[in-house]
Structure formats: C-alpha cells, structure tokens
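Chain A is the first sequence line, chain B the second, and so forth, proteins listed ahead of strands; every chain is numbered from 1.
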There are 2 protein chains.
Amino acid sequence: MDTSFDVLNNDCPSRVVLQRIGDKWAPLVFQALKGGPVRFSRVRSTIQGVTPKVLTQTLRTLERDGLVRRTVFAQVPPRVDYELTPLGLTLLEPLDAVRAWAEANAAHILDARDDYDDRQSS
Amino acid sequence: MDTSFDVLNNDCPSRVVLQRIGDKWAPLVFQALKGGPVRFSRVRSTIQGVTPKVLTQTLRTLERDGLVRRTVFAQVPPRVDYELTPLGLTLLEPLDAVRAWAEANAAHILDARDDYDDRQSS
DNA sequence: CAGTATCCTATGAGATACTG
DNA sequence: CAGTATCTCATAGGATACTG
C-alpha cells in the first residue's frame, strides 16, 4: 500500500495529526471517553485539572477532526454527550499503549532526570 | 502489579512524560533514531524543517529523560552520535504505532475537517 | 561538524467571572 | 448543566547569525 504520507517530511499532513495527538489534554480525553458516551461535566471531573474553557477547545478540535462525536439532547437542564467515533476508536489503541507506557515508566524517567541533574552539578 | 500512576490524576508524573512525548519534535527524533546511532547532522537532515537550536533542545531533554544516549567522539572535525537507549527502545514501539496511525489516517482527518468547516459556514 | 547566542512572537493555556 | 467571555502570561518554538 502506498500511503504517501511521511512524518519526517515537512508540510506533511500527518505532522499536523501528530501535533494534535500530542496536545496537552487530547490524550486524556481519549482516556476519559474510553468506556463510552460521557457527559461534559463527567469528562471534566474525570480529567483532573482541566478548565472548562480548555476542555471545550480540546473537544471541539477533536470533533472537527472526526475523532469525537458530540450529541446534544434537547432537555432542561441541558445534556451533551461526548463519545469516540469509529475513527477515534482506532486511535484509542495506539494512544492507550503510549499512556500505559507513560504510567509504567514515569518512575524510570524521573530517576534518569535525577541522575542527569546530579551529573551536571558535579 | 501496582503502578500507582494515573494520567487522569493531576500532578501525576506520568502526565509530564506524556507531555514530553507529545512535544513537536520528540516523536520525529524517535523515528530518525529508529535504525541505530546517527550523527547530529544526519538527524537534522532527516527531520525536515527542524532548526539546530530546537533539535539540540529536544535531544538534550530526551537525553536527560534517559531515552537517548549522546556519544561524543574526540575527533576533528567533531562527531556526535545519538541513539535510543534500552528504555527509549521500549517507547519506540508504541510511539511508532501512533506515527503509523497518523500517516495512515491523515487523509481521514483532513476530510473530517473539511466536512466540519463546510457545516459551520452553511 | 555540532552546536551556541540572541532576539522575537504566536499561541497554548490558566484564572476568573458570567450566561442561556 | 454546559458552556462563553475576557484577560493575562509563560514558553515553546522560529529566524538569523555566529563559533570552538
């Protein structure tokens, strides 16, 4: 198969995708939506530390990229559900592997930093 | 096993790791170092569009995090090799899956954006 | 060759307060 | 409940030029 996309190439669209993935909150949104549709307030409380403004921005961008679906229910009080699209679900797997790696190896990284900083100051 | 690390938790070190991974050039460095030790100038030419300043910054951070090893050869002209450490190699796999996804699905993302933008302007 | 040194700016992101 | 509206700021990152 010929994808003709190469991240190493400048101006390649895949770089934009990579950057999107690599924004501060997007991976956490994937994690929060892992189990199915979730309401805004729930996403917000699941992802510790995110402000509503930034969360909305992140969700909108993911929606625009076709990775998240936003469903508005005509109710009072309002209810809005967010869920991963089929495309978003295919990204969940590799993204989750990175997350798992981060959780499993965070300690090693911190140790390496300590070593490096000690070496610098000596 | 009890990792006790959770990306959804604020102040969790794994978040820092995730952010590091998600910086603009780091994933491309992994890609560039995929095949073994590479000299600085080679990394630079492999990753289209990166400036020497930013590349140095990225490499230094990855070195500090124990993901990349920097080897200086006492030669004139100077020669410096960069390569993934064993820890870095374990990260290469999940990261490469994300890259592959990005290259494979960049077109879908771009389409989704067009659809979304059309819908907004209508 | 392998970087530094400066300068500069866009923007990601936080804090805070308000609303249909 | 599900967001907006402002304001503000740090810093990631780019452009350019220089050096051991």
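In terms of modelled atom types and a separation under 3.5 Å, the side chain of B:Asn105 and the main chain of B:Trp101 share a donor-acceptor contact. In this structure a side-chain-to-backbone donor-acceptor pair under 3.5 Å is present from B:Glu103 to A:Val7.
Applying the 6.0 Å contact sphere to CZ of A:Arg70 captures more than 12 heavy atoms from other residues, nucleotides or ligands.
At D:dG3, one or more side-chain N or O atoms of A:Tyr82 fall inside 4.0 Å of OP1 or OP2 (strictly under the cut-off). Between A:Arg70 and D:dG3, a side-chain N or O to OP1/OP2 separation shorter than 4.0 Å is present.
When rounded to the nearest whole Å, the span between CZ of A:Arg15 and C1' of D:dG13 equals 13 Å. One atom, CZ of B:Arg60, and another, C1' of C:dG3, lie 8 Å apart when rounded to the nearest Å. Going from atom CD of B:Gln19 over to atom C1' of C:dA13 covers 10 Å, rounded to whole Å. Going from atom CG of B:Asp81 over to atom P of C:dG3 covers 10 Å, rounded to whole Å.
Look at D:dG3: its Watson-Crick or wobble partner, with both distances under 3.5 angstrom, is C:dC18.
The only option from B:Leu62, B:Val38, B:Leu33 that meets the side-chain contact (heavy atoms from CB on, under 4.5 Å) definition with B:Tyr82 turns out to be B:Leu33.
With rounding to the nearest 0.5 angstrom, the CG atom of B:Leu18 is 11.0 Å from the CH2 atom of A:Trp25.
Under the 4.5 Å side-chain heavy-atom criterion for ILVMFWY residues, no single connected hydrophobic cluster contains both A:Leu110 and A:Val98.
Of all the residues in residues 20-59 of chain B, B:Lys24, B:Trp25, B:Lys53, B:Val54 reach under 4.0 Å from DNA chain D with at least one non-hydrogen atom.
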